[in-house]
Amino acid sequence: MMTTPTTPYEETALCANLGRRDGRLLFAGQDTVELARQYGTPLYLMDEDRIRYNCRLYTQAFNRCLPAGSRVLYASKAAAFRQMCRIVGEEGLGLDVVSSGEIYTAMTAGFPMERVYYHGNSKSDRDLAFALDAGVGCIVVDGVEELLALEAEAGRRDARQKVLLRITPGIDPHTYAAVSTGQVDSKFGVSIETGQADEFVKLALGQPHLSVAGFHCHVGSQVFWEDVFERSVLVMMAFIRHIRDTTGYLPEELDLGGGYGVRYVQSDPAIDIPRKIASVAETLAAIARRLSLPVPKVLMEPGRSIVADAGMTLYTVGAVKEITGYKRYVAVDGGMADNPRYALYGAKYTCCNAGRMDEPGDMLCDLVGKCCESGDIIQPQIHLPAATQRGDVIAVCTTGAYNFSMASGYNRLRRPPVVMLQNGRSYVAVKGETLEDLVRLDM
Ligand code: LLP
């Protein structure tokens with residue numbers, strides 16, 4: 001599909017932390033070409049002030065609209081490293097983790113473990129033991145086998161572990177297939193529709209070493225569809241009413257998962273998060289009234305919408321190749337190893353030449369990486385200035401979510417550093433890998 005050429009400054013309208021000065025792209029008010037020079041490329045930049053701003057969009061709306069004890073959990077899979085844990089911890093958020101590695105990251109960052117919720121559809125006995133020993137606040141149990149394994153581990157410690165039960169509400173979020181999880185045949189959770197959720201809840205309530213705090217559901221990621229969370233609320237509250245009627249059990253917490261979409265390109269809608277949360281709260285209050293139920297404490301687990309627009313990746317151009325009569329490639333010094341999202345999902349990105357922001361984007365090209373395969377495309381069919389040449393700095397916007405965390409060592413490319421920008425200064429939050437790091441575990 002052809003895209004239309006961008007006017008020089010269009011890219012910077014994507015998010016408030018983008019700007020332009022003297023033909024240079026500014027990120028969080030700082031000159032990106034200078035940052036590339038100072039730290040080298042490829043380089044992940046993260047705007048700490050924007051992360052905190054995004055956290056507050058959630059926490060302030062939660063405080064305004066939802067019952068006391070409701071909590072925002074940052075889905076650390078979006079970008080998991082210690083400084084992220086510290087930042088969201090300071091903002092008062094809890095943490096959604098999915099592995100012993102994410103638990104260890106949080107723990108060694110000094111994150112309060114009682115605020116950690118541990119997800120995952122295939123936790124081993126070892127994972128469960130590690131979580132219990134780490135003092136993880138809540139374990140989100142995905143199914144019957146895990147439930148019984150956790151009961152046994154908690155029993156061995158003579159502990160009573162707080163749990164949520166993951167329920168599949170049977171909702172299609174209309175996002176891309178790889179990140180849809182709410183539909184009945186999902187690999188996650190236990191389905192209401194099949195009647196298995198009923199049995200699951202009854203079994204959980206009978207376990208002496210587990211304390212069931214409530215239910216969890218998550219329908220998908222990068223969701224724009226208007227009423228997905230409202231529909232989750234309706235389905236889950238009807239389920240809660242049914243469970244109360246059949247067992248007498250009333251959950252305290254309802255976790256609605258994550259998923260609000262973000263703008264990668266200007267044609268993506270901008271989601272007004274406080275307004276969305278207010279509308280979820282209204283729906284919840286209305287259905288609670290109708291079903292004669294108390295309003296539960298609400299949890300949400302945003303990942304992408306906390307960090308995506310707080311991130312940017314900088315590269316240096318290695319080659320501009322024109323295949324006469326066919327196409328042009330602009331090849332950079334990173335690629336699918338630091339950003340696999342186009343290769344995996346056909347994800348869209350806004351890209352620009354950070355040092356030529358005053359020049360029109362009049363050259364149609366594919367932005368590609370340096371990995372040894374043709375699928376190593378960061379973004380096809382973009383427009384860059386015709387003068388783009390070897391040595392120029394290319395910025396790919398909105399790479400804060402699922403880029404660092406999904407980076408691989410393919411072709412033994414070194415993972416780039418993460419540099420945080422905060423109030424005019426910059427600091428290294430994660431060091432870049434060295435050649436020695438690459439062989440550290442090799443025998
Ligand atoms: N909670 C649960 C249980 C989840 O599975 C996820 C995302 C989230 C919360 C956070 O969702 P978010 O707010 O970030 O949309 N690698 C893919 C995204 C995978 C999302 C997986 N689960 C990508 O790069 O788009």
Side-chain angles (χ1 to χ4, degrees), residues 44 51 54-55 57-58 71-80 84 88 93-99 102 116-123 138-143 146 164-169 171 173-183 186-190 215-225 228-229 232 236 253-265 268 271 273 276-277 280 298-311 313 336 338-349 378-379 396 398-408:
Y44 293 122
I51 297 168
N54 289 335
C55 289
L57 286 181
Y58 278 94
R71 170 157 267 157
V72 187
L73 313 174
Y74 165 62
S76 78
K77 74 203 80 181
M84 264 313 300
V88 298
L93 275 65
L95 208 62
D96 147 4
V97 299
V98 295
S99 67
E102 288 185 355
V116 174
Y117 284 64
Y118 180 25
H119 291 76
N121 69 312
S122 182
K123 306 179 188 86
C138 183
I139 297 183
V140 184
V141 181
D142 194 83
E146 182 188 333
L164 292 181
L165 304 178
R166 180 154 182 172
I167 305 296
T168 318
I171 292 172
H174 300 275
T175 179
Y176 46 106
V179 299
S180 290
T181 55
Q183 71 284 7
S186 164
K187 76 166 178 172
F188 298 100
V190 183
F215 303 136
H216 168 278
C217 66
H218 168 79
V219 297
S221 193
Q222 187 63 353
V223 172
F224 290 110
W225 207 253
V228 165
F229 287 86
S232 295
M236 293 306 291
E253 294 185 8
L254 174 59
D255 186 337
L256 297 172
Y260 284 130
V262 303
R263 286 180 89 197
Y264 287 98
V265 290
D268 288 332
I271 288 193
I273 286 170
K276 296 290 272 182
I277 291 170
V280 168
V298 173
L299 307 175
M300 276 192 187
E301 304 164 343
R304 193 188 308 271
S305 51
I306 298 289
V307 283
D309 63 12
T313 309
M336 67 191 299
D338 65 78
N339 183 355
R341 294 192 69 258
Y342 178 77
L344 280 173
Y345 318 117
K348 289 188 184 147
Y349 283 104
I378 297 172
Q379 197 64 192
V396 179
T398 327
T399 58
Y402 304 109
N403 283 238
F404 169 81
S405 63
M406 293 178 79
S408 73

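Worth knowing before you read on, the calculation uses all heavy atoms, side chains too, and leaves out hydrogens, waters and symmetry mates. What you are looking at is a predicted structure, and each value in this text was computed from that prediction instead of being measured. All ligand and atom numbering here is 1-based and tracks the order in the structure.
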Using a 4.0 Å cut-off to any heavy atom of [X], which atoms of ligand 1 qualify?
X	result
Gly303	12 (P), 13 (O), 14 (O)
Gly259	11 (O), 12 (P), 13 (O), 15 (O)
Arg166	3 (C)
Asp96	1 (N), 2 (C), 9 (C)
Arg341	23 (C), 24 (O), 25 (O)
Ser221	11 (O), 12 (P), 14 (O), 15 (O), 20 (C)
Ala75	8 (C), 9 (C), 10 (C)

- Message: Just to verify, what does Val190 make a side chain to side chain contact (heavy atoms under 4.5 Å, CB included) with, not counting sequence neighbours?
- Response: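 With neighbours one apart ignored, the set is Gln196, Ala197, Phe200.
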- Item | side chain to side chain contact (heavy atoms under 4.5 Å, CB included) partners for Arg263, two or more places apart |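 Only Leu14, Gln266, Asp268, Ala270 meet the side chain to side chain contact (heavy atoms under 4.5 Å, CB included) criterion with Arg263.
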Below 3.5 angstrom, do we get any N/O pair linking [X] and ligand 1?
X	answer
Arg304	yes
Tyr402	yes
Glu301	yes
Met406	no

- Query: How long is the gap from OG on Ser232 to CD1 on Ile167, to the nearest 0.5 Å?
  - Reply: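 Result: 12.5 Å between the selected atoms.
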- Query: Going through the checks in order, is the side-chain contact (heavy atoms from CB on, under 4.5 Å) test met by Asp338 and Phe404?
  - Reply: CA-CA 6 Å; Asp338 65 78; Phe404 169 81; over 6 Å; no
- Proximity to ligand 1 by part of Phe188, non-hydrogen separation under 4.0 Å: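 The answer is neither; Phe188 stays 4.0 Å or more away.
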- Do Tyr264 and Gln379 have a side chain donor and acceptor closer than 3.5 Å?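 Checked: Tyr264/Gln379 side chains show no N/O donor-acceptor pair below 3.5 Å.
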- Item | ligand 1 contacted by Pro302 (non-hydrogen, < 4.0 Å) |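 Flag set, Pro302 near ligand 1.
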- Return yes if some donor-acceptor pair links the side-chain N/O of Asp142 with the main-chain N/O of Gly189 below 3.5 Å, else return no.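 Yes.
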- Query: Side chain of Ser405, backbone of Lys77: donor and acceptor closer than 3.5 Å?
  - Reply: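 Side chain of Ser405 to backbone of Lys77, a donor-acceptor pair under 3.5 Å: yes, one is there.
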- Message: Please report whether the ring centroid of Phe229 lies less than 6.0 Å from that of Tyr260.
- Response: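 Yes.
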- Under 6.0 Å between the ring centres of His216 and His119?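 For His216 and His119, the ring centres are under 6.0 Å apart.
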